[in-house]
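In what follows, a single structure is set out as structure tokens and then discussed.
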Amino acid sequence: MTDNAEAWSRYWRSESKEGEVFVDPSGAKHPALTEFWARALAPVQAGERIVDIAAGAGSVLACLADVEHVEQLACDLSGDALARLRERLPNVATSVCDATALPYDDQSMDWVVSQFGLEYAGGAAFDEAVRILAPSGRFVALCHYRDGIIDRKHQKQLAAAAILKDERFIAKAKALIRAAFVDDEKQFNATAEAFIPAERKLAAAVSDIQVGVHAHLYIGFRQLYERRRQYDVDDITAWLDAMAGEVDNSMERLQAITAVALTEHEVAAIGRRCVDSGLDWQTPAKFFGSDQELPVAWHLAAARPPTR
């Protein structure tokens, strides 16, 4: 748990305030997510308890329309994520915990929700979500879809980041920038000759997908190189060194996300777990954004029958 918690805390310390993984062209939360959760949570009634598992910065609970008399709870592996959530939604009670060991009593929640979170912790997390669901309670989740729009984007970003590593782009960029500050044409030509093939491969990756650490590095270095006389060489190389850490962190996160994207077979296995635990399992649906041809996520839903 400690390693995963630190990895997610690094993400929340470096990402945008909301940390959304499905965004519109401006980089803001995609409106399709807001619309989905507004509809899904419309039946929440006063006096009910709702918990968001792997809540991040509160993307789901922010869509709850009437919160005055609803008890809201959220949990996440990252305390940094929950700190952001509390800034945004101060009435939510938060708990730092693993999704496979929730600090809530059996059948204590009227609503259990999650967005791009439970799948990271595996089947045991879904078991925990079922355990805390009260009679007549509802479970709703959006989970990463294998080979959907998000998964494909992340696969491309991961492949582009791998080009950075394989081509040793940062090391060659540092050599080039140092040579550019030295009055030695032979040295500069040699470093440029080594740099250009790596630069061309990275440029091709950026033309294919314009978001991600590879694009940030490529565009940033080009700007620094073009304006190099405005900077000290040590400042530019320090930026490149810092970017090396960002590349490693980004690849770690992208590998984690792509690894948990669910296949139809895996979703069916989750459904069997829910049915075996006494829930009424709805047929999983593919969730699409309004402007997307590929699925964005799996829409999973279940309910615990009322006590007779």
Side-chain angles (χ1 to χ4, degrees), residues 7-8 10-33 56-57 59 116 144-178 180 191-192 194-228 230-231 233 235-261 289 291-294 296-297:
W8 281 110
R10 285 199 303 270
Y11 164 70
W12 285 105
R13 287 193 294 266
S14 63
E15 289 295 315
S16 65
K17 188 172 182 180
E18 290 78 19
E20 298 285 353
V21 297
F22 181 49
V23 297
D24 66 14
S26 73
K29 177 181 178 180
H30 199 287
L33 288 177
S59 180
F116 304 130
H144 285 293
Y145 187 103
R146 179 66 58 84
D147 207 31
I149 186 69
I150 294 176
D151 187 46
R152 287 193 181 184
K153 181 186 78 170
H154 288 151
Q155 291 283 5
K156 284 186 175 183
Q157 286 181 289
L158 186 57
I163 290 173
L164 283 172
K165 301 283 284 188
D166 294 344
E167 293 297 320
R168 298 181 62 250
F169 179 88
I170 291 177
K172 292 174 181 177
K174 288 169 65 177
L176 180 69
I177 201 67
R178 289 193 184 103
T191 56
F195 174 78
I196 289 172
E199 188 272 342
R200 286 175 177 168
K201 288 186 178 181
L202 188 56
V206 172
S207 68
D208 184 44
I209 181 165
Q210 291 81 38
V211 295
V213 70
H214 69 290
H216 177 58
L217 174 57
Y218 176 77
I219 295 169
F221 180 69
R222 285 198 60 170
Q223 292 175 343
L224 287 171
Y225 184 80
E226 290 168 0
R227 305 168 188 169
R228 60 189 178 277
Q230 301 175 26
Y231 300 95
V233 64
D235 292 335
I236 299 176
T237 56
W239 180 82
L240 287 166
D241 287 334
M243 283 301 303
E246 288 193 30
V247 171
D248 289 340
N249 290 340
S250 178
M251 291 186 72
E252 180 182 20
R253 178 171 173 265
L254 289 168
Q255 288 165 348
I257 296 175
T258 55
V260 302
D291 56 348
Q292 305 294 333
E293 295 182 2
L294 292 172
V296 174

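Applying the ring pair (Phe, Tyr, Trp, His ring centres under 6.0 Å) test to every pair with at least one member in residues 203-222, sequence neighbours left out, gives these pairs: Phe195-Phe221.
Going from atom OG1 of Thr258 over to atom CZ of Arg253 covers 11.0 Å, rounded to the nearest 0.5 Å. In this structure, OG on Ser250 lies 8.5 Å from NE2 on His154, to the nearest 0.5 angstrom. Interatomic distance, NE2 of His30 versus CG of Leu33, reported as 7.5 Å (0.5 Å rounding). From Leu294, atom CG reaches atom NZ of Lys153 across 13.0 Å, with rounding to the nearest 0.5 Å.
Remark: Arg152 engages Asp147 in a side-chain hydrogen bond (donor to acceptor under 3.5 Å, both in side chains) (not counting sequence neighbours). For Ala215, the side-chain contact (heavy atoms from CB on, under 4.5 Å) partners are Val206, not counting sequence neighbours. Residues forming a side-chain contact (heavy atoms from CB on, under 4.5 Å) with Ala180 (at least two apart in sequence, or on another chain): Phe188, Tyr225, Arg228. Every salt bridge (Lys or Arg N to Asp or Glu O under 4.0 Å) that Glu226 has, sequence neighbours left out, goes to Arg222.
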Only distances under 3.5 Å count here; give the side-chain donor-acceptor pairs of residues 155-170 to other protein atoms, sequence neighbours excluded, each with its distance to 0.1 Å.
unit_1 : atom_1 : unit_2 : atom_2 : d
Gln157 : NE2    : Val211 : O      : 3.3
Lys165 : NZ     : Asp248 : OD1    : 2.7
Glu167 : OE2    : Lys201 : NZ     : 2.9

Side chains of residues 235-247: which donor-acceptor pairs under 3.5 Å do they make with residues two or more places apart or in other chains?
unit_1 : atom_1 : unit_2 : atom_2 : d
Thr237 : OG1    : Val233 : O      : 3.2
Thr237 : OG1    : Asp234 : O      : 3.0
Asp241 : OD1    : Lys174 : NZ     : 2.7

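Among all heavy-atom pairs drawn from Arg146 and Ala261, the shortest one is NH2-O, 2.7 Å.
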